[in-house]
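Each remark here refers to the structure printed beneath this line.
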Amino acid sequence: MERKTWVRRRLGLGALFLACLLLSLLASACNGTPPPPSTPPKPTEAVVVQLSDFQVKDDLAKAWATLSVMDAFDLLTTGNFQDPTITNWQVTTDHSGQAQLCPDAHINTSTQTCADVACRIYVYEDTVFGAYPCQKSAAGTTGCSLMGTQAVANCHMTINTISASATGLGTWYSLIYLWDSQMTIVVAGEGTIEVTPIVTLEFEGDVPPLAQMEPLERALAARRLEIRERVPGESEAVEIEDGKAQFLYTAPDAKLEELGLDPDLPERAWHPTDQLPVLVEQLRIVEPRLVPWLERIWERARLDDIDLGPRESIVPGDQLAVITYGEAWQDPRLQESILYAVDWFLLTEEFLGEPLRVQVARQEPTGSLARTGPDAREVGYDPEQAKALLEEAGYGDGTAMVLLVPAEDEPLIEAAKLVVEQMAAIGVNAEVKVLPESEFVDLGRLLGPTGIPAVTLSRR
C-alpha cells in the first residue's frame with residue numbers, strides 16, 4: 001500500500017510537471033521564439049579526396065570521413081594527405097549527403113574527379129569512416145566503418161566494421177553498420193565478396209551512444225574506443241551471377257541473441273535481396289536509419305548500372321510502432337503488460353484499415369531503442385494478464401500514463417481512444433496528447449524523470 005501511495009504521489013507531481021512543460025512549449029510557439037542557428041548550407045558538390053596511402057595502423061590514423069561543417073570545406077581541397085602529421089581530416093558531404101573517395105595515388109584532384117578512376121568509395125551522411133579500432137592491426141588497402149553506410153565500386157580492398165570485414169575483388173558491394181545493434185549488413189551487387197563475421201566483441205569501459213551524437217562529436221568519440229576482445233568467425237563468400245544480388249547480415253553472438261530475429265532468415269549466410277524486407281521489418285523500429293540508408297544504396301547501384309533487384313522490394317509496408325519512454329518501462333513486467341493490455345489486432349484492423357504488424361520497443365537510458373518481443377498481435381489480448389503484470393511491478397489502479405499520438409494521422413488519433421479504454425480496464429489512466437511526431441522523442445525524454453510512463457504511437 002505504501003508503494004502504491006508513493007507511486008500515485010510521484011505520478012501526481014509528474015502530471016504537474018507535464019502540464020507546465022506543455023504550457024511552456026505552447027508559450028514558446030506563441031511568442032515566436034527564434035529558432036536555433038541553422039547549419040551552414042552544404043556545398044553543391046562533394047569534395048574529392050586523394051588517398052595515396054590508404055592503410056589502417058594502430059599508431060596512425062590516415063583518413064576518416066564524416067559529415068563536416070562548412071569552415072572545413074576549403075581545407076580539404078588542398079594539402080598533402082601523405083603528410084604523417086595530417087592524421088584527422090574530413091570529407092564534407094554534398095547537399096544530398098554524399099561524398100566520394102578515390103583511393104588512387106595517381107589522381108590529380110585539380111583536374112580529375114572520381115569518375116576518372118575505377119576504384120570509388122561512396123560515403124553517406126551520418127557515416128563514421130576511417131582508421132578506428134575495427135581491428136587491432138591492419139595492413140594493405142583497408143578502411144574502417146564505425147557507423148553508417150558506404151558503397152564500394154571496383155576496389156581491391158577490405159572494409160572493416162566493428163562486427164565484420166568484407167573484401168571485394170574489384171567488385172561492387174555495400175556495407176551498412178548499425179551501431180546500436182552492432183549489426184553489419186553487406187549487399188553484394190557484382191563479382192565476388194567475402195565476409196568474415198565477428199562472433200565475440202567486448203569493449204574496454206563504457207561505450208558511448210554514438211547513434212545519438214552529432215556527426216563530429218560521434219567521430220571523436222569513436223576514435224577513443226578500445227576493444228578488449230574481438231574474435232572472428234568462419235568466413236562466407238559469394239559470387240554474384242546473372243545480376244542476382246545477395247545480402248548477408250551478422251552481429252556478435254550476444255547481440256543476435258538479444259535481438260531474437262526470425263530463425264527462417266539465418267544470420268551469417270547469403271540470401272537473395274528479395275528476402276531483405278524480412279530483416280528490415282524486424283530492425284527498423286530500433287534502427288530508424290536503416291531504410292533511408294538502403295534507399296541510398298539502391299539509388300547508387302542504379303547510377304552504377306548494378307542490379308540489386310526492385311527498389312520497392314527493400315522496404316516493407318507500414319507497421320505500427322509503439323515506443324515506451326521513462327524509467328518505469330525498464331521493468332520487464334510493465335513493458336510486457338502493454339502487449340497484453342490492448343487488442344492490437346482489432347486496433348489495426350478496425351481503425352487503421354489493415355492488419356499492420358505491431359512492434360513494441362523501449363527507449364534505453366542511452367537513448368537507443370530495444371525491441372520487445374514479437375509482433376504484439378501474436379501475443380493476444382489478455383487484460384487479466386496485463387493487470388497482473390502491472391500489479392507485480394508495483395503499479396495498481398490509478399496509474400497515470402501519457403499517450404503521444406501524431407497530429408498528422410487522424411485514424412491513429414481515433415485508434416488511441418481504444419487504447420485509453422482498454423488501459424482503463426486494467427487500472428491505467430492514459431491521457432492522450434496530440435502533437436507533431438517530430439516532437440515525440442524530445443517530449444518522451446522530458447517525461448522520463450517525472451515517473452510518468454509515456455508511450456508513443458506512430459505508423460512507419
Side-chain angles (χ1 to χ4, degrees), residues 1-19 21 258 260 285-286 320-348 350-351 357-366 368-405 412 415-433 440 443-458:
M1 181 64 70
E2 291 182 1
R3 161 69 174 164
K4 293 179 180 178
T5 302
W6 177 83
V7 169
R8 291 194 184 97
R9 186 181 302 117
R10 187 178 179 191
L11 295 176
L13 291 173
L16 179 62
F17 171 85
L18 175 61
L21 171 64
E258 179 183 309
I285 190 172
V286 295
L320 180 63
V322 183
I323 301 178
T324 62
Y325 296 84
E327 293 179 6
W329 297 107
Q330 300 303 311
D331 189 318
R333 295 167 299 184
L334 190 61
Q335 183 75 17
E336 188 179 359
S337 71
I338 200 169
L339 298 174
Y340 294 100
V342 177
D343 188 341
W344 296 109
F345 188 87
L346 174 66
L347 185 147
T348 58
E350 297 296 324
F351 290 90
R357 181 183 180 90
V358 181
Q359 287 265 31
V360 180
R362 176 186 69 251
Q363 188 189 50
E364 303 284 32
T366 60
S368 63
L369 296 177
R371 199 166 65 101
T372 300
D375 183 341
R377 298 171 306 162
E378 299 174 3
V379 175
Y381 177 49
D382 189 342
E384 292 302 319
Q385 176 69 359
K387 189 169 185 177
L389 288 166
L390 192 75
E391 291 176 348
E392 283 180 23
Y395 294 85
D397 289 344
T399 295
M401 185 181 85
V402 175
L403 186 64
L404 305 177
V405 187
L412 199 51
K417 296 176 182 178
L418 177 65
V419 178
V420 170
E421 176 186 321
Q422 295 189 332
M423 293 303 290
I426 65 169
V428 175
N429 298 325
E431 182 179 4
V432 176
K433 297 294 180 185
F440 276 10
L443 189 53
R445 287 173 180 166
L446 287 171
L447 284 169
T450 70
I452 299 180
V455 177
T456 67
L457 299 180
S458 62

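Note that this is a predicted model, so its numbers are computed, not measured. Residue numbers count from 1 along this sequence.
Within the 3.5 Å criterion, the main-chain N or O of Q363 finds a donor-acceptor partner in the side chain of Q330. At least one donor-acceptor pair under 3.5 Å links the side chain of R371 to the backbone N or O of G260. The main-chain N or O of A400 is never found under 3.5 Å from a side-chain atom of N429 such that the two would form a donor-acceptor pair.
Sorted by first then second residue, the salt bridge (charged side-chain N to carboxylate O under 4.0 Å, His left out) pairs that include residues 415-426, not counting sequence neighbours, are E414-K417. Residue pairs meeting the salt bridge (charged side-chain N to carboxylate O under 4.0 Å, His left out) criterion with at least one member in residues 333-346, sequence neighbours excluded: D331-R333.
For the atom pair CE of M423 and CG of L403, the computed distance is 8.5 Å after rounding to the nearest 0.5 Å. Going from atom NZ of K387 over to atom OG of S337 covers 12.5 Å, rounded to the nearest 0.5 Å. Here the CG-CZ distance, from L334 to R362, works out to 10.5 Å after rounding to the nearest 0.5 Å. With rounding to the nearest 0.5 angstrom, the OG1 atom of T456 is 15.5 Å from the NZ atom of K433. Residue D375 holds its CG atom at 10.0 Å from CZ of F345, rounded to the nearest 0.5 Å.
Residue L390 comes nearest to I426 through the heavy atom pair CD2-O, 3.4 Å, listed as atom of the first residue, atom of the second, then distance. The two atoms that bring Y395 and A328 nearest to each other are OH-CB, 3.5 Å, heavy atoms only. When all heavy atoms are compared, the tightest approach of I285 to A361 is CD1-CB, 4.0 Å. For the residue pair Y340 and Y381, the shortest heavy atom distance occurs at O-CD1, 3.4 Å.
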Going through the distances and angles, do R357 and L320 end up as a side chain to side chain contact (heavy atoms under 4.5 Å, CB included)? CA-CA 6 Å; R357 181 183 180 90; L320 180 63; over 6 Å; no
Could you please spell out the steps behind the side-chain hydrogen bond (donor to acceptor under 3.5 Å, both in side chains) verdict for Q335 and T324? CA-CA 8 Å; Q335 183 75 17; T324 62; 2.9 Å; yes
Before giving the answer on side chain to side chain contact (heavy atoms under 4.5 Å, CB included), spell out for M401 and V455 the whole-Å C-alpha distance, their side-chain angles and the decisive distance to 0.1 Å. CA-CA 8 Å; M401 185 181 85; V455 177; 3.8 Å; yes
Carefully, step by step, assess D382 and E384 under the rule side chain to side chain contact (heavy atoms under 4.5 Å, CB included). CA-CA 6 Å; D382 189 342; E384 292 302 319; 3.8 Å; yes
Given the rule in the side chain to side chain contact (heavy atoms under 4.5 Å, CB included) test, do L418 and F351 qualify, once you have shown the distances and angles that lead to the verdict? CA-CA 9 Å; L418 177 65; F351 290 90; 3.8 Å; yes
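Here the side chains of L404 and L457 are not in contact, with every heavy-atom distance at 4.5 Å or above. Counting only heavy atoms from C-beta outward, the side chains of V322 and W344 approach each other to under 4.5 Å.
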